[in-house]
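Okay, structure first, notes after.
Everything numeric in this text was worked out from a predicted model, so none of it was measured. Naming convention: chains lettered A, B, ... in sequence-line order (proteins, then strands); numbering from 1 in each chain.
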Amino acid sequence: MSIYIEKDTKVLIQGITGKEGSYWTEHMIGLGTQVTGGVTPGKEGQTVHGAPVYNTVRRAVAEVEAEASMLFVPPRFTKDAVFEALDAGIKKIVTVAEGIPLHEAIQIRSAALSEGAVVIGGNTSGVISPGQAMMGFFPYWIERVYKPGRIGVMTRSGSLTNEVTAMVVEAGFGVSTLIGVGGDSVPSTRFAEMLPDYQNDPETDAVVVIGELGGTMEDEVAEAIADGSFTKPVVVFMGGRTAPEGKKMGHAGAIVSGGSGSVADKTKLLESVGARVAKRPRLVGELLKEVLGD
Amino acid sequence: MSIYIEKDTKVLIQGITGKEGSYWTEHMIGLGTQVTGGVTPGKEGQTVHGAPVYNTVRRAVAEVEAEASMLFVPPRFTKDAVFEALDAGIKKIVTVAEGIPLHEAIQIRSAALSEGAVVIGGNTSGVISPGQAMMGFFPYWIERVYKPGRIGVMTRSGSLTNEVTAMVVEAGFGVSTLIGVGGDSVPSTRFAEMLPDYQNDPETDAVVVIGELGGTMEDEVAEAIADGSFTKPVVVFMGGRTAPEGKKMGHAGAIVSGGSGSVADKTKLLESVGARVAKRPRLVGELLKEVLGD
Amino acid sequence: MKLFEFQAKEIFEKFGIETPKGVVFDKPEFDSKLDGVGYPCVLKSQILRGGRGKAGLIKFADTPAEAESYAAELYNCGQGVDRLLVVEKGKIKSEIYLSVTLDPAAATALVIACADGGVEIETLAKDSPEKIIRERVDIDRGILPFQAVNIAFQLGLEGDLRKGVSKVIMQLYAAFDAYGAELAEINPLFITTDDKVVAGDGKFVIDDAVLAKYPEYSMGREYFESDAEFEAAVDGIPYLQFDGDISLMCAGAGLTTTVYDLINDEGGKVANYLEFGGPNYRRAKRAMELCLKNDNKVILIVTFGTIARADVMAEGIVEAMNELKPDVPIVTCIRGTNEEEAVEILKAAGLEPLFDTEEAVRKAVAIAGGKA
Amino acid sequence: MKLFEFQAKEIFEKFGIETPKGVVFDKPEFDSKLDGVGYPCVLKSQILRGGRGKAGLIKFADTPAEAESYAAELYNCGQGVDRLLVVEKGKIKSEIYLSVTLDPAAATALVIACADGGVEIETLAKDSPEKIIRERVDIDRGILPFQAVNIAFQLGLEGDLRKGVSKVIMQLYAAFDAYGAELAEINPLFITTDDKVVAGDGKFVIDDAVLAKYPEYSMGREYFESDAEFEAAVDGIPYLQFDGDISLMCAGAGLTTTVYDLINDEGGKVANYLEFGGPNYRRAKRAMELCLKNDNKVILIVTFGTIARADVMAEGIVEAMNELKPDVPIVTCIRGTNEEEAVEILKAAGLEPLFDTEEAVRKAVAIAGGKA
């Protein structure tokens, strides 16, 4: 199984006729994703890789089934596209755009929270349940990264995710669902908010969190472990352990931290509640073997 | 019994130290209303007719019990005062101000709806449960209007309410709770939204609605009767039966009407679902006798 | 406050909405050069009543001579035309209805559109309700582009027209929002033969509660149909003019409309309605003065006040009578707080105070009809 | 983009917040008449780093001679002071901390205030977290006056000061909102001895994603600490300068910080970080050029791309080497889409492509340390 998206999930593509949209629609279908339709204003009547195109999301949902929407939309149009999907009743939305204006990112997250929707992104490769389906742009054909299995992965990064996940696979595991919450400073959905789904997924044995310095998203994961709402093993890797103060390394990080945001403090907190923290990507695989008894 | 406010309801007064606030606080207490405190920024430490004054609503609710708030605040500060009460968790708010900017009235109603609060007003005398308690300015000592009894009254008007209610009393009845939803074109709470409370109140036998031309509030009452959610007898009086078209008579009325808004059409609709419509105020008492079997 | 067409169009222009090239003339001025507007042109009387077309207050002129002649005709038609807006007569392919207002029940703003523009929305709503497009807008969040796009597609538009109309929807909403307006309406919105989107007519109603923020729209005589209505408005007294002979001084809009109905039921006719309640209950003299401007036969005073004390009102009435010495009879029905004292005051002044509204109405109608 | 203090204060003034009377001088200009600012005065270096006071970049002058002398000292202190803001030295009773930013977890805006102003918020948060006042603001709805009033009362203010500070809170929020800012901070907010509320210092960070809307803040050299960082920024390439000898061309912020950690673990030191992923993966030559501006001993390239194809990156690197002929060794660890082709391309160019990040790091550190 998997969370968020699986082989039966009906997916709409907003911005389907664009270069990127069309290209990745083909690959999404290639992996097995059920793409039921697409939206580009003024292009109704066309089809893209077999998916019918509609002028608006309202038109699309009137004609085809869709429970999720994948946005290939530039950052300054992302807010509008997300609200259009929400307006049409769609509760799962993935947006890959990098550089969504911060105030609009807050508006997106606020609306998603109040409407009970889960918006993933921006600045992410998306969500993939290897071997089943994806929303985003993953080269799922790279076997040593996107191998199906029983480890959930959550990440803020792109390349680092490949680096770490390759180690997970090298250690003999595979991935149930990989969720890129995105590298922007205001991700629409936070690590801890996906934990209940992983907790309830009978085919996820453990979760790997690929975090970073800054912000409080890893602290929130620690909280979920501490309050007993998440009980599966957690292995964390974070870059930026030796980052010098005052330089803005990595992503923007959270703008307001409750804690210090340093990797050292996060490590201490996570380990205090029983999570395992890997110092190097390679050690993620080793720690998984330990916690899952190999 | 009664709805919305009764003798045990703990009421806060925002704007308690003002001339009007202080004057009507005394009368509210005079009727028996439990005024637990008041709010005027900068006046913390004072008392008004025995009620302690606080700088902010947050301060007040930290110190005294309060489930309702009565606003004696000018129209242009009403939005802020309502939101301050909502922010402090208060779910019953009465505002008497006339001339709240329309866009702000929409914001007030929208916030109340989303937070499950019932804001009454603006442009109203308020709410009174005769013989028990009131939020607003009613000369409750006028016996031939404010006599306790078993008839619920809802109204958009001021003087007309006295005119009609006097007829209810003259016919031998009394009032359980009278709610002035207010004469502004965007009342924060609509007639039909109070019906469930009257329905559930074992001491309300029938409801008198004092409506007017324009808008759809009376139509919504008809709907509640038609769909069976309100089953007690309803007697309606509306002014404006002979109003000439094109003149803005009475209150602003609804800005967008679903129906025509004419008294004739409303009468037809209400009578079609079994409500009784009085042509003259005096007939309200007569019709009540008929429906309640005297 | 309802603005004049030319003022509404000034606001539209400010928010980027194209309007036809035009020039405004104040009576008795007129210059058929039209400041370059060109012929054929349209002369539009700047008055606030609707239905100007049917009333013959809009004229089409092909030549300067024709324009001169129409201008004179409109200025002198006796319907209070003191200003003309003269615009170029564009080549129109189609007309759309578009407005933004508030939805009190849903607690949102509301965009209304219809592909059949040029007729009044009330008529559209009655004749072809299924053609009316409604889009609700969260007032805190504001309109989002996708909403405008949806409306434009529902209007059956494509390509550049779809984009052009979407843009006008966004702009009209922005104007509505910026002014805290009650209504912003473009009817018709022209689609020209060269696919331009132009506001052919404009209605803009600013909420009276925020009017003080816009001193450029200060209250002038031109916004009112009669001197009495203007004077009353300046004094902050709600006032409406009718053509009967019974002047009403009543407290509260609800009670007033009720008395109005009762008078009609009895066969009487109202001369004017004047609000004597609320903040005006101490202003009996001014109120009576305004009533006396009418050619009436009786003044009927009906109140049932709470804050507005009956005794204060009664005192005011007696004082006003002493000062103004009205030559028409006065019928009173004053109830509410301190009503017993009020009765004494009125009786002492020689009036016969009544206590029942229907009775008071019957008496006033009888007096007006010469039967009492 | 973080603005200079004088720019932040210009924005504050625009939104009605009082700032001390001041005058700006560009190096080498200085006129001790101070355009009427008067003495005693404060000379404030306009640089973007924090901690200017401790670094001696803020000077107090009682006389024109003193001011002249300090100005020369600051211009020539070697810390890149190219501009001075000289302000009147007010009589200060107390100092408040005030800022508006975003709360990503709560999805709101956030006003932060503290009665102990003048120190950095990080220090406050660490030393006396209980003194920090936080007020969340719905970003669609905006701040409401009662929220500002609550903050002001919590700051212990009364009377006119409470009103004055509430007003500044509203104004600061309005500025934050209008610019879509990341941060708007007044620290300290002065309360003067005559009870005025004045923004003593200002920090304003505009979200890079909306910067294009504000051409007045176009990217200049003055916003960067080094030429290389400025050049990279102009080219849209994320770049950070350090003082080590290993230049990094990596893909993705996460992988880069990881490699940075691994280098430190191995005892190496990074010369610069440069983003070679995302939209820049076809720009190997420009990236390498920027790296070569450093006094480095090795260039380490680590990627694990998905959209950024490994073969394209490899080709770019080979091309860049042919054109730029770097005089330092290059270590590559390029993985991801089409990685097999990449290996072939690199090998054909005489490189020894590695496939394991840790191995690549060790090799680069060894080269830099003269051990390989």
Side-chain angles (χ1 to χ4, degrees), chain B residues 75-76 98-110 112-113 125 137-139 142 145 155-163 166 183 185-187 190 210 212-213 215-217 220 237 239-244 246-252 254-258 260 263 279-282, chain C residues 49-50 101-110 112 122 125-126 134 138-140 176-177 180-183 205 207-210 240-242 250-265 273 277-279 302-309 335-339 356-358:
Chain B
R76 66 198 177 95
E98 178 175 355
I100 299 169
L102 287 170
H103 286 225
E104 299 187 3
I106 292 279
Q107 291 171 316
I108 290 170
R109 175 161 160 79
S110 171
L113 286 176
S125 309
F137 32 58
F138 295 93
I142 304 185
V145 179
T155 177
R156 303 206 67 181
S157 301
S159 306
L160 178 59
T161 307
N162 292 335
E163 177 88 27
S185 55
V186 184
R190 301 173 71 80
I210 305 169
E212 64 179 13
L213 77 167
T216 57
M217 296 226 312
E220 292 155 26
F237 174 78
R241 222 181 341 113
T242 63
K247 290 263 181 185
K248 194 170 170 177
M249 279 194 75
H251 299 116
I255 300 163
V256 194
S257 317
S260 73
V263 171
K279 269 189 100 174
R280 290 174 287 130
R282 180 168 301 283
Chain C
R49 269 167 293 157
T101 181
L102 297 169
D103 184 335
T108 63
L110 182 68
I112 300 176
E122 290 80 4
K126 209 170 153 189
R134 289 185 168 80
D138 180 297
I139 201 165
D140 284 325
F176 170 82
D177 182 52
E182 203 169 315
L183 174 70
V205 183
D207 176 10
D208 290 340
V210 300
L240 279 179
Q241 183 79 54
F242 302 100
C250 286
L255 185 53
T256 303
T257 53
T258 300
V259 171
Y260 185 97
D261 290 341
L262 294 173
I263 289 174
N264 281 337
D265 288 350
Y273 146 43
V302 183
T303 72
F304 205 138
T306 51
I307 291 181
R309 277 162 49 193
R335 285 83 37 93
T337 312
N338 296 353
E339 58 193 14
D356 179 279
T357 303
E358 293 187 24

Exercise. If you take all heavy atoms of C:F176 and C:A109, which pair is closest and at what distance?
Worked result: CE2-CB, 4.0 Å
Exercise. Non-hydrogen atoms of chain C under 4.5 Å away: do they reach the side chain of B:V145, the backbone, both or neither?
Worked result: side chain
For this session: Under 4.5 Å heavy-atom distance to chain B, tell me which part of C:T306 shows up: side chain, backbone, both or neither.
Result: both
For this session: For chain C, find which of B:N162, B:T155, B:I108, B:T161 contributes the most heavy-atom pairs closer than 4.5 angstrom.
Result: B:N162
Exercise. In terms of heavy-atom proximity below 4.5 Å to chain C, should B:A105 be classed as side chain, backbone, both, or neither?
Worked result: neither
Problem set entry | Side chain, backbone, both or neither of B:F237 within contact of chain C (heavy atoms, under 4.5 Å) | side chain
Exercise. How long is the gap from CD1 on C:I139 to CG on C:L110, to the nearest 0.5 Å?
Worked result: 11.0 Å
Exercise. If you count heavy-atom pairs under 4.5 Å with chain B, which of C:G336, C:G278, C:A107, C:P279 comes out on top?
Worked result: C:A107
Problem set entry | Contacting region of B:I210 [heavy-atom separation from chain C under 4.5 Å] | neither
Exercise. To the nearest 0.5 Å, how far apart are CG in C:D207 and CG in C:L183?
Worked result: 12.0 Å
Problem set entry | Residue selection (most heavy-atom pairs with chain C, distance under 4.5 Å) from B:I142, B:L160, B:L113, B:V263 | B:L160
Exercise. Of the listed residues (C:A308, C:A106, C:C250, C:G180), which shares the most heavy-atom pairs with chain B below a 4.5 Å separation?
Worked result: C:G180
Exercise. Which region of C:D261, side chain (C-beta onward) or backbone (N, CA, C, O), has a non-hydrogen atom less than 4.5 Å from a non-hydrogen atom of chain B, or is it both or neither?
Worked result: both
Problem set entry | Portion of B:E104 that has a non-hydrogen atom of chain C nearer than 4.5 angstrom | neither
Exercise. Going through the distances and angles, do C:T357 and B:E163 end up as a side chain to side chain contact (heavy atoms under 4.5 Å, CB included)?
Worked result: CA-CA 8 Å; C:T357 303; B:E163 177 88 27; 2.4 Å; yes
Exercise. To the nearest 0.5 Å, what is the distance between CG (B:L102) and OG1 (C:T101)?
Worked result: 8.5 Å
For this session: Quick one: closest heavy-atom pair of C:Y260 and B:A243, and the distance?
Result: CE2-CA, 4.1 Å
Problem set entry | Contacting region of B:R282 [heavy-atom separation from chain C under 4.5 Å] | both
Seminar exercise, completed: Applying a strict 4.5 Å limit to non-hydrogen atoms, the region of C:E122 in contact with chain B is neither
Exercise. Of all heavy-atom pairs between B:P281 and C:T258, which one has the smallest distance, and what is that distance?
Worked result: CG-CG2, 3.8 Å
Problem set entry | Closest non-hydrogen atom pair, B:G99 against B:P75 | O-CB, 3.3 Å
For this session: Considering non-hydrogen atoms only, spot the tightest contact between B:E220 and C:A105 and give its length.
Result: OE2-CB, 4.0 Å
Exercise. Would C:D265 and B:R241 pass as an ion pair if we require N to O under 4.0 Å?
Worked result: yes
Seminar exercise, completed: Of C:E358, C:E339, C:R335, the largest count of non-hydrogen pairs under 4.5 angstrom with chain B goes to C:E358
For this session: Heavy atoms only, distances under 4.5 angstrom: which of C:I263, C:T108, C:V259 has the most pairs with chain B? Name it, please.
Result: C:T108
For this session: Can you see which heavy atom on B:R109 is nearest to which on C:P104, and at what distance?
Result: NE-O, 2.9 Å
Problem set entry | B:P187 and B:M217, any side-chain heavy atoms less than 4.5 Å apart | yes
Seminar exercise, completed: Ranking C:A251, C:G277, C:G305 by heavy-atom pairs under 4.5 Å to chain B gives rank one to C:A251
For this session: Quick one: which of B:Q107, B:K279, B:R280 has the most heavy-atom pairs under 4.5 Å with chain C, could you say?
Result: B:R280
Problem set entry | Residue part contacting chain C, namely of B:P101, when any heavy atom lies under 4.5 Å | both
Exercise. For chain C, which of B:S110, B:S159, B:S125, B:G239 has the most heavy-atom pairs under 4.5 Å?
Worked result: B:S159
